[in-house]
Amino acid sequence: MTTPKPPSLADLRGEIDRIDAAMHDLLMERGRIIETLIEVKKTAETGSAFRPAREADVVRRLVKNHQGLLPVELIVQIWRQIISTFTYVQSPHSVHVVMGPEQEDARGLARFHFGFGVPLVKHSSAGSVVSAIGRERGDLGLIGLGAAAEPWWEKLGHEGQPIGMATAPAIARAASPRPPQALVIGHPSIDTAGLDTRLVAIRLPAPPKVSVDAVIAHAEKDGKHYVLAWGPREADEAEIARDVASGQTVEEARTVGYTAKPIAA
Ligand SMILES: C=C(O[C@@H]1C=C(C(=O)O)C=C[C@H]1O)C(=O)O
């Protein structure tokens with residue numbers, strides 16, 4: 001009996017070529033579906049093709065099925081690139097980002113989340129990004145979370161103003177969910193049905209308990225304390241604020257958007 005000969009390098013490269021061609025064919029086929037979807041979806045009515053709940057579902061399913069030596073972050077990165085570019089071709093738009101010496105990671109995060117097919121517009125403050133999205137209803141904004149110089153999220157959710165609709169990165173690899181690094185904001189006419197998490201702007205007379213998982217951004221201004229918090233969509237604002245306030249009176253708690261819970265791999 002002869003032992004089977006191991007495949008040659010040329011054989012293996014032939015297999016890789018076959019797979020690459022099949023992947024390319026499938027991407028082109030996805031593109032043809034999008035061409036038909038443009039007509040069905042009537043994007044022109046809202047001015048944006050961005051559907052954050054659908055995007056989160058697509059990525060969550062891929063992460064769930066992923067196996068093998070390829071890091072799952074790469075799968076997320078590839079699909080974020082594909083999805084963002086297919087969103088862009090349906091309805092061209094820009095992503096407004098705060099970029100300065102203190103936000104050196106902002107460009108990398110924006111490219112990880114939106115890919116390279118979407119133009120970035122640089123801003124020097126979060127307030128300026130919020131104003132830009134209020135004017136340009138098809139555009140999206142990306143603003144860093146955590147300790148903030150100003151409570152920019154207080155501007156969200158008012159008549160005609162943007163709301164939160166996603167967080168970035170889409171995947172947080174950690175044992176417990178880490179706070180997301182940035183919030184994606186968009187025009188309130190964009191469909192946010194199906195997003196499972198509520199974003200709440202909270203105003204307090206004294207410092208909040210910032211260590212709780214519900215706090216994703218916080219700032220102090222003129223002696224008042226401001227928090228951007230998140231919790232289950234089915235919970236009301238007061239319930240989400242209660243965790244953060246740790247016993248003090250909540251002066252205001254207002255819903256300023258929704259998001260999908262980041263995927264924890
Ligand atoms: C294709 C769609 O449009 C956009 C692109 C998506 C994609 O490429 O999978 C998903 C959601 C939308 O942001 C859609 O609405 O299904």
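Heavy-atom basis, side chains included; hydrogens, waters and symmetry copies ignored. Predicted model only: the values in this text are computed from it and were never measured. Ligands are counted one by one from 1 in listed order, and the atoms in each one are counted from 1 as well.
Protein heavy atom closest to atom 13 (O) of ligand 1, with residue, atom name and distance, is E55 OE2, 2.7 Å. Scanning all protein heavy atoms for the shortest distance to atom 4 (C) of ligand 1 gives T87 OG1, 3.3 Å. Annotation: atom 8 (O) of ligand 1 to nearest protein heavy atom, R30 NH1, 2.8 Å. In terms of protein heavy atoms, atom 6 (C) of ligand 1 is closest to I83 CG2, 3.8 Å. When hydrogens are left out, the protein atom nearest atom 15 (O) of ligand 1 is K41 NZ, 2.7 Å; that is the closest non-hydrogen contact.
Closest approach of V97 and A110 over heavy atoms only: CG2-CB, 4.1 Å. Contact detail for S48 and I190: the closest heavy-atom pair is OG-CD1, 3.5 Å. Smallest separation of non-hydrogen atoms from E150 and A126: OE2-N, 3.9 Å. Between D139 and S94, the shortest heavy-atom contact is OD1-N, 3.0 Å.
Between atom CD1 of residue I33 and atom CE of residue M28 there is a gap of 13.5 Å, rounded to the nearest 0.5 Å. Note that the CD atom of E136 and the NE2 atom of H93 stand 12.5 Å from one another [nearest 0.5 Å].
The part of I34 lying near ligand 1 is the side chain, judged by heavy-atom distances below 4.0 Å. By the criterion of a heavy-atom distance under 4.0 Å, neither the backbone nor the side chain of P52 is placed next to ligand 1. When non-hydrogen atoms are compared, ligand 1 lies under 4.0 Å from the backbone of R51 as well as from its side chain.
Taking a cutoff of 4.0 Å between a charged side-chain nitrogen and a carboxylate oxygen, E15 and R18 qualify as a salt bridge.
Those atoms of ligand 1 that come under 4.0 Å of a heavy atom in F50, given as number and element, are 13 (O). Per-residue contacts place F86 under 4.0 angstrom from the following atoms of ligand 1 (heavy atoms of the residue considered): 8 (O). Interface atoms of ligand 1 facing A49, defined by a heavy-atom separation under 4.0 Å, are 3 (O), 4 (C), 12 (C), 13 (O). Against a heavy-atom cut-off of under 4.0 Å, L37 is close to the following atoms of ligand 1: 1 (C), 2 (C), 16 (O). Close contacts between ligand 1 and Q90 involve ligand atoms 1 (C), 2 (C), 3 (O), 4 (C), 5 (C) [criterion: under 4.0 Å to a heavy atom].
Among T167, I163, V256, the one residue that satisfies the side-chain contact (heavy atoms from CB on, under 4.5 Å) test with L183 is T167.
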| said: Determine whether E251 and K224 satisfy the following criterion, salt bridge (Lys or Arg N to Asp or Glu O under 4.0 Å), listing intermediate values before the conclusion. | reply: CA-CA 10 Å; E251 290 183 348; K224 294 284 179 197; 2.9 Å; yes
